[in-house]
Amino acid sequence: MTDHLAPHSIHVIGQPLLVPVTNIYCIGRNYAEHARELGNAVPTEPILFLKSVSSLRALGGGDLAYEDETFHHEAELVLLVGQVVPRGSSVGWEVLQAVGLGIDLTRREVQTQLKAQGLPWTAAKSFAGSSLLSAFIEPSELPDYNSITFTFSVHGQLRQQGDTALMLNSVPALLTHIAKAHDLVPGDLVFTGTPAGVGPLRRGDAFTLEFTQIAKSFSGRL
Ligand code: ZN
């Protein structure tokens with residue numbers, strides 16, 4: 001899919017229709033080792049924030065705000081909700097239409113300043129091109145939901161390794177937590193938090209995201 005075809009829609013491999021994105025929920029500090037590398041406390045319940053739908057972009061280059069800055073990459077498993085989930089429901093994998101890999105691109109210095117002032121993270125997290133998405137796959141393609149592994153490499157060098165087994169809050173726990181306060185609807189995305197290894201990413205850097213168990217990789221360029 002090209003960036004200009006439908007930048008705010010998801011392509012699920014093997015499914016004919018693009019899925020328009022509704023909301024983008026993001027989880028902070030869902031891996032203990034990542035919380036520690038930024039000097040943050042390990043939270044007792046999920047930290048939830050939002051990004052704008054207009055921040056979405058495919059991996060292959062394109063519009064990017066603040067393009068002269070050095071960002072931090074946060075490689076993450078991303079969930080695509082496929083059905084209505086009424087508020088208050090306890091839910092899990094059965095409500096997902098697809099899963100993908102994404103980068104929650106972050107202006108880390110700005111975020112650090114905002115955090116110090118007790119202000120929302122929005123200016124550090126939500127801007128054109130800050131939510132990068134692979135194509136998505138049907139969850140049934142993955143062998144074991146309890147240990148989905150993925151990697152993120154820049155210029156061929158491994159930077160991050162994720163594993164749902166290491167998440168502080170599991171995928172069902174995250175979905176149920178968000179659904180405590182929101183009706184989930186088709187097209188909702190959930191960025192599930194980044195593992196340790198966040199680091200610099202600049203315009204033009206070439207990178208690869210991979211579901212390692214099924215050797216499915218997605219290459220892109222900032
Ligand atoms: Zn993130």
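Everything quoted here is computed from the prediction, not taken from an experiment. Note that ligands are numbered from 1 as they come in the structure, with each ligand's atoms numbered from 1 the same way.
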Would you mind listing every ring-ring contact (aromatic ring centres under 6.0 Å, His included) that reaches into residues 157-176, with sequence neighbours excluded? none
Quick check against the 3.5 Å criterion: does H73 have a side-chain atom that pairs as donor or acceptor with the backbone of G199? yes
What is the number of protein N, O or S atoms that sit under 2.8 Å away from the Zn ion (ligand 1)? 3
Going by heavy atoms in the side chains, are R29 and L38 under 4.5 Å from each other? no
Connecting only ILVMFWY residues whose side-chain heavy atoms lie within less than 4.5 Å of each other, what is the rest of V185's hydrophobic cluster? none
All ring-ring contact (aromatic ring centres under 6.0 Å, His included) counterparts of F71, not counting sequence neighbours: F127
Could D68 and R203 be called an ion pair, given the rule that one side-chain N must be under 4.0 Å from one carboxylate O? no
